[in-house]
Chemist: 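My structure is below; once you've seen it, I'll send some questions.
Note that the coordinates shown come from a computational prediction; the quantities given were computed from them, not determined experimentally.
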Protein chains: 2
Amino acid sequence: MKNSTKKERFLLVVLKLIHRKGFKATTMRDIAHELNFEVANVYNYIDSKQSLLEGYLFDIQDEFHKAIDTILATPHSPNEKLRLLVASYIGITTRRPYHQALLVNEWRNLKEPQLQEFVSRRKDYENKMRGIIAEGIEEDQFRANDVEMMAQTILATLRWLHNKCLDSETIINPLEIEKQLLDFIFTGISKK
Amino acid sequence: MKNSTKKERFLLVVLKLIHRKGFKATTMRDIAHELNFEVANVYNYIDSKQSLLEGYLFDIQDEFHKAIDTILATPHSPNEKLRLLVASYIGITTRRPYHQALLVNEWRNLKEPQLQEFVSRRKDYENKMRGIIAEGIEEDQFRANDVEMMAQTILATLRWLHNKCLDSETIINPLEIEKQLLDFIFTGISKK
DNA sequence: TATTTACATGAACAATTGTTCATGTAAATA
DNA sequence: TATTTACATGAACAATTGTTCATGTAAATA
């Protein structure tokens with residue numbers, strides 16, 4: 001109980017530190033210093049530096065997967081599903097921007113076999129997304145461009161968002177962001 | 001002459017190595033081994049590991065800056081300028097995908113004061129892009145959304161492209177990619 | 001031919017890295 | 001009260017890191 005709260009604090013402080021310095025550049029001594037205790041004590045909280053990264057990444061990756069699976073289980077149209085997916089993506093990102101930043105920036109630092117697992121799970125996610133898009137094209141809801149390219153450009157757009165959540169001085173409004181990103185993805189920047 | 005060719009080969013081989021392993025994870029010994037000579041000899045080609053990264057990044061960053069400045073000097077409409085900008089971005093990326101991958105993935109590993117300089121130059125680029133967009137909104141060519149967000153989402157879309165150039169087994173067609181990305185950015189995925 | 005240049009080696013360096021171990025202590029639990 | 005648990009320290013480790021130095025050699029240049 002109190003136990004878990006203390007560990008949670010540890011994980012949050014370290015997450016922000018890693019976000020600031022980068023995973024490779026963050027040493028065990030940096031972590032200890034940030035928490036005002038000695039290096040050896042870090043190992044009372046975690047097993048290793050690698051397992052720390054794995055914990056953060058698989059945790060947030062799981063959240064994204066649960067979200068897409070929930071949406072796939074609904075009876076909505078492809079168009080609606082994609083809108084829901086974008087909304088859920090934005091929700092997770094605004095709720096957990098540090099985790100998302102780590103997911104985007106530091107996944108390369110995973111080692112085998114976790115790297116393999118991570119990439120393969122991400123591919124799962126992308127495949128599900130491609131499924132929605134392909135269906136939408138079939139039903140004539142989406143423009144018939146390359147499905148892979150469409151999925152990746154949409155994801156690229158969404159993956160940028162954590163920067164906005166973390167860097168900007170202004171407080172962000174998730175609903176306003178959602179509106180604008182949906183606008184961009186579905187109808188582009190041109191005024192018709 | 002022969003000198004420069006040999007150094008060029010060195011830089012290309014090492015660029016690919018760094019792209020494969022990541023900058024931090026690539027040791028001077030890795031570099032030497034990749035080129036079949038001893039560690040000490042690496043210093044006959046470069047001054048330091050840091051200067052190597054700086055060389056790659058400022059080189060490609062320069063190319064992007066020259067491109068946008070050329071476009072800004074034309075008398076085209078904002079709409080046309082943005083199309084040209086996207087086209088030039090795609091051109092650079094397809095011509096030098098390894099450099100672009102480094103630019104996107106490894107700029108965080110620059111140290112001060114180069115990091116400062118890099119970020120400030122990138123901000124310049126983004127400001128010029130925002131200028132085009134703001135002008136386009138004024139002239140009623142673009143939808144009146146948040147300029148910052150529009151610039152960043154367009155850039156996010158473009159920054160993904162190097163993956164396509166490097167990872168895919170299929171040979172890419174720059175013109176086809178240009179068409180599809182312009183499609184996405186200007187008119188979105190919806191079939192109207 | 002004499003000398004400079006470009007490219008190469010091997011040994012060594014000081015600093016930094018993640019991790020372990022023996023040990024301590026205050027609080028929670030039995 | 002006795003004992004377990006959670007959290008903490010300090011010293012040490014073996015490995016890895018970027019870099020330097022003295023030295024060599026074949027080819028290009030003077």
Chemist: Separation of A/K111 atom NZ from C/dT17 atom C1', in whole Å?
Modeler: 11 Å
Chemist: Using heavy atoms to find the nearest nucleotide of DNA chain C for A/A40 and A/A25 separately, return the residue whose nucleotide is more 5′.
Modeler: A/A25
Chemist: What's the NE2-C1' distance between A/H33 and D/dT9, to the nearest Å?
Modeler: 16 Å
Chemist: Just do the side-chain hydrogen bond (donor to acceptor under 3.5 Å, both in side chains) check on A/Q61 and A/R122 with the steps written out, would you?
Modeler: CA-CA 8 Å; A/Q61 197 187 44; A/R122 192 184 52 186; over 6 Å; no
Chemist: Relative to each other, are the rings of A/F37 and A/Y45 parallel, tilted or perpendicular (30° and 60° limits)?
Modeler: parallel
Chemist: List the atom of A/R130, the atom of A/A151, and the distance in Å for their closest heavy-atom pair.
Modeler: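 Answer, listing the atom of A/R130 first, then A/A151: CG-CB, 3.9 Å.
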Chemist: In whole angstrom, give the distance that lies between atom CG of A/N44 and atom P of D/dT5.
Modeler: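 After rounding, the gap between these two atoms is 14 Å.
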Chemist: Return the value, rounded to whole Å, for the distance between atom NZ of B/K6 and atom C1' of D/dA28.
Modeler: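 Value for this atom pair: 14 Å.
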Chemist: Whole Å only: how far is the CG atom of A/L35 from the P atom of D/dT9?
Modeler: 11 Å
Chemist: Strictly below 4.0 Å, N to O, side chains only: are A/E34 and A/R20 in salt-bridge contact?
Modeler: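 Salt bridge present between A/E34 and A/R20.
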Chemist: Which nucleotide in the set D/dA8, C/dG18, D/dT19 lies at the smallest distance from any side-chain heavy atom of B/S48?
Modeler: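 The nucleotide sitting nearest to the side chain is D/dT19.
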Chemist: Between P on D/dT17 and CG on B/D30, what's the gap in Å once rounded to a whole number?
Modeler: 7 Å
Chemist: Tell me if a side-chain donor or acceptor on B/R108 pairs with a main-chain N or O of A/G22 at a distance below 3.5 Å.
Modeler: no
Chemist: Could you pull out every donor-acceptor pair under 3.5 Å between side chains of residues 177-185 of chain A and any protein atom, sequence neighbours left out?
Modeler:
{"residue": "A/Q180", "atom": "OE1", "partner": "B/D146", "partner atom": "N", "Å": "3.0"}
{"residue": "A/Q180", "atom": "NE2", "partner": "A/E176", "partner atom": "OE2", "Å": "2.8"}
{"residue": "A/D183", "atom": "OD2", "partner": "B/N145", "partner atom": "ND2", "Å": "3.3"}

Chemist: Of the candidate nucleotides D/dG10, C/dT9, C/dC7, which contains the atom at the shortest distance from the side chain of B/Y45?
Modeler: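 The nucleotide sitting nearest to the side chain is C/dC7.
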Chemist: Just say parallel, tilted or perpendicular for the rings of A/F64 and A/Y125, cut-offs at 30° and 60°.
Modeler: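 Correct class here is perpendicular.
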Chemist: Checking all strands, does A/Y43 fall into the base, sugar-phosphate, or nothing category for heavy-atom contacts under 4.0 angstrom?
Modeler: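 Since a base atom lies under 4.0 Å of A/Y43, the category is base.
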Chemist: Nearest heavy atom decides the nucleotide; on that basis, is A/N41 or B/M28 closer to the 5' end of DNA chain D?
Modeler: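 Mapping each residue to its closest nucleotide by heavy atoms, the 5'-most match is A/N41.
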Chemist: Using Watson-Crick and G-U wobble pairs whose two distances are both under 3.5 Å, how do you write the pairing of DNA chain C as dot-bracket, with | for links to another strand?
Modeler: ||||||||||||||||||||||||||||||
Chemist: Expressed as a whole number of angstroms, how long is the span from A/I46:CD1 to D/dA8:P?
Modeler: 14 Å
Chemist: To the nearest Å, how far apart are A/R9 CZ and D/dC7 P?
Modeler: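 For the pair A/R9 CZ and D/dC7 P, the rounded distance is 12 Å.
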